[in-house]
Amino acid sequence: MRFLLSGYYGFGNLGDDALLAIIVEELKRRYPGATVEVLTATPEETASAYGVVGTSRADFAEVRRAIARADVVLSGGGGLLQNVTSVRSLLYYAGILRSAVRNKKKTMIFAQSIGPLDFWGKSIVREFCRGVGVATVRDERSRALLTPLLPATRVERTADPVFLLEPPEHPLDLAAEGLGAESDPLVVFSIRRWAHAEGTTAVFAAAADRLADSHGVRVAFLPLGGPSDAEASAAVIRRCKTSPVLLPHYELPQAAQVIARAKAVVGMRLHALIIAARLAVPFLAVPYDPKVAALCDDLQYPLPALWTPGEAKAADIAVIHRAVDAMWTERERVATHLREAVPRMHDLAERNFAALDELIAR
């Protein structure tokens, strides 16, 4: 058995790297002896890190050959079928699916968030993805969007594979970052660069200062998306009246250890929130993308968003303070809610692989 994975791999984004690590591990567990090939921006690094065959995603001749030698082509996980980033990005990922279907490969949309898609985006998905064997999507909103576009394909709502992450045994020692045990309680912020930079910077600075001044919290920024996240975090830190810490870019195991130590997470990055939920760490979400709001909906999350970029020209700082205070006061109740919700999400995450098994068995 030879699998080909197409996703946003090799760009140093921890969320996508977490997806890749868990997908590869599960494929190797279910299909001993299988070869896993990954389309990636960094073929040698990806091959070394994950024990796979790395193929340049930018070399279209190599991509065509990779599709030709595959038995199964998986598109995902992640948010690939959307045209907010660009139509070019959508054409790339949808084009791989079209090529795989034309080559009569078993083909699957795997654990994706779908959209946003405008009229042209929907048209591309409808035409390019026709004939895909099965689709699993990681939230109900995505299922409702994709089902009418691919009426001949079974579209099943599952959950993000990162819900299969094994909890770390010990928290990460952050003494070298000035965050020894005496620095608790710790709250982790995970932000990304965004079009509404001024608004999000003000919101996060207000939230960080409120936690520090009113609740005695140490705040640390965890840049899951690499240098661009670090730059966005530094902009917030410069605006703070208190003194948050900027952490290094960690790999998945270390990042999970940091989040496991935290009393709460405040963030934009989807996988920071998924890891927090998996570890029953309360969070405040900033839903810059529908996939973040969809996660909160699927978890039936009891806390409202901290702020939604683009909905208002400026955030009401008093509202931000109330949201932070409520999260801190309610964190034990919220942690209990997450512990009760996560087993269902874990089972839904496993369902991605069960649907793949069924596709292969046809």
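Since this is a predicted model, take the numbers as computed values, not measurements.
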Review item, side-chain donor-acceptor pairs of residues 350-358, under 3.5 Å, at least two apart:
residue: Arg351; atom: NE; partner: Glu156; partner atom: OE1; Å: 3.3
residue: Arg351; atom: NE; partner: Glu156; partner atom: OE2; Å: 2.5
residue: Arg351; atom: NH1; partner: Glu358; partner atom: OE2; Å: 2.9
residue: Arg351; atom: NH2; partner: Glu156; partner atom: OE1; Å: 3.3
residue: Arg351; atom: NH2; partner: Glu358; partner atom: OE1; Å: 3.0
residue: Arg351; atom: NH2; partner: Glu358; partner atom: OE2; Å: 3.1
residue: Asn352; atom: OD1; partner: Thr136; partner atom: OG1; Å: 2.8
residue: Asn352; atom: OD1; partner: Thr158; partner atom: OG1; Å: 2.6
residue: Asn352; atom: ND2; partner: Ala159; partner atom: O; Å: 2.8
residue: Asn352; atom: ND2; partner: Ala349; partner atom: O; Å: 3.0
residue: Asp357; atom: OD1; partner: Tyr31; partner atom: OH; Å: 2.6
residue: Asp357; atom: OD2; partner: Arg30; partner atom: NH1; Å: 2.3
residue: Glu358; atom: OE1; partner: Arg154; partner atom: NH2; Å: 3.3

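No path of Ile, Leu, Val, Met, Phe, Trp and Tyr side chains, each step under 4.5 Å between heavy atoms, connects Leu81 with Val84, placing them in separate hydrophobic clusters. Under a hydrophobic clustering in which Ile, Leu, Val, Met, Phe, Trp and Tyr are joined whenever their side-chain heavy atoms come within less than 4.5 Å, directly or via other members, Leu91 and Leu39 fall into the same cluster.
Between Arg157 and Asp298 there is a salt bridge, since at least one side-chain N of the basic residue sits less than 4.0 Å from a carboxylate O of the acidic one. We find that Lys105 and Asp71 are not joined by a salt bridge, their nearest charged nitrogen and carboxylate oxygen being 4.0 Å or further apart. Checked for salt-bridge contact, Glu25 and Lys28 miss the test: no charged N lies under 4.0 Å from a carboxylate O.
Donor-acceptor pairing under 3.5 Å is lacking for the side chains of Thr40 and Arg57. Side-chain contact check for Asp160 and His271: at least one donor-acceptor pair (N or O, by modelled atom type) lies under 3.5 Å. With hydrogens and angles left out, the side-chain atoms of Thr55 and Glu37 include a donor and acceptor closer than 3.5 Å.
Smallest separation of non-hydrogen atoms from Ser56 and Val63: O-CG2, 3.7 Å. Contact detail for Leu246 and Ala230: the closest heavy-atom pair is CD2-O, 4.1 Å.
Separation of atoms NE2 (His346) and CG (Leu165) is listed at 9.5 Å; rounding is to 0.5 Å. Note: Glu340 CD to Leu299 CG = 12.5 Å, rounded to the nearest 0.5 Å. The structure places CG of Leu186 at 9.5 Å from NZ of Lys263, a figure rounded to the nearest 0.5 Å. Atom CG in Leu284 sits 8.0 Å away from atom CG in Leu211 (nearest 0.5 Å).
Within a 6.0 Å sphere centred on CD of Glu45, heavy atoms belonging to other residues, nucleotides or ligands number more than 12. Enclosure of atom CD in Glu62 by more than 12 non-hydrogen atoms of other residues, nucleotides or ligands within 6.0 angstrom is indicated. More than 12 non-hydrogen atoms from other residues, nucleotides or ligands lie less than 6.0 angstrom from NZ of Lys106. Counted within 6.0 Å of CZ on Arg362, heavy atoms from surrounding residues, nucleotides or ligands total more than 12; the atom is thus considered enclosed. Atom CZ of Arg2 sits in a crowded spot, with more than 12 heavy atoms from other residues, nucleotides or ligands closer than 6.0 Å.
A heavy-atom distance below 4.5 Å is found between the side chains of Arg141 and Pro290. Asn83 is not listed as a side-chain neighbour of Ser89, based on a closest heavy-atom distance of 4.5 Å or more. Annotation: side chain of Val101 is not in contact with side chain of Arg130 (no heavy-atom distance under 4.5 Å).
Screening Tyr288, Trp307, Phe204 for a ring-ring contact (aromatic ring centres under 6.0 Å, His included) with Trp194, the sole residue that qualifies is Tyr288.
The cationic group of Arg98 lies under 6.0 Å from the six-membered ring centre of Phe128 and within 45° of the ring axis, placing it in a cation-pi geometry.
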### Check against ring pair (Phe, Tyr, Trp, His ring centres under 6.0 Å), Tyr301 and Phe283
CA-CA 9 Å; Tyr301 195 62; Phe283 61 81; 4.0 Å; yes
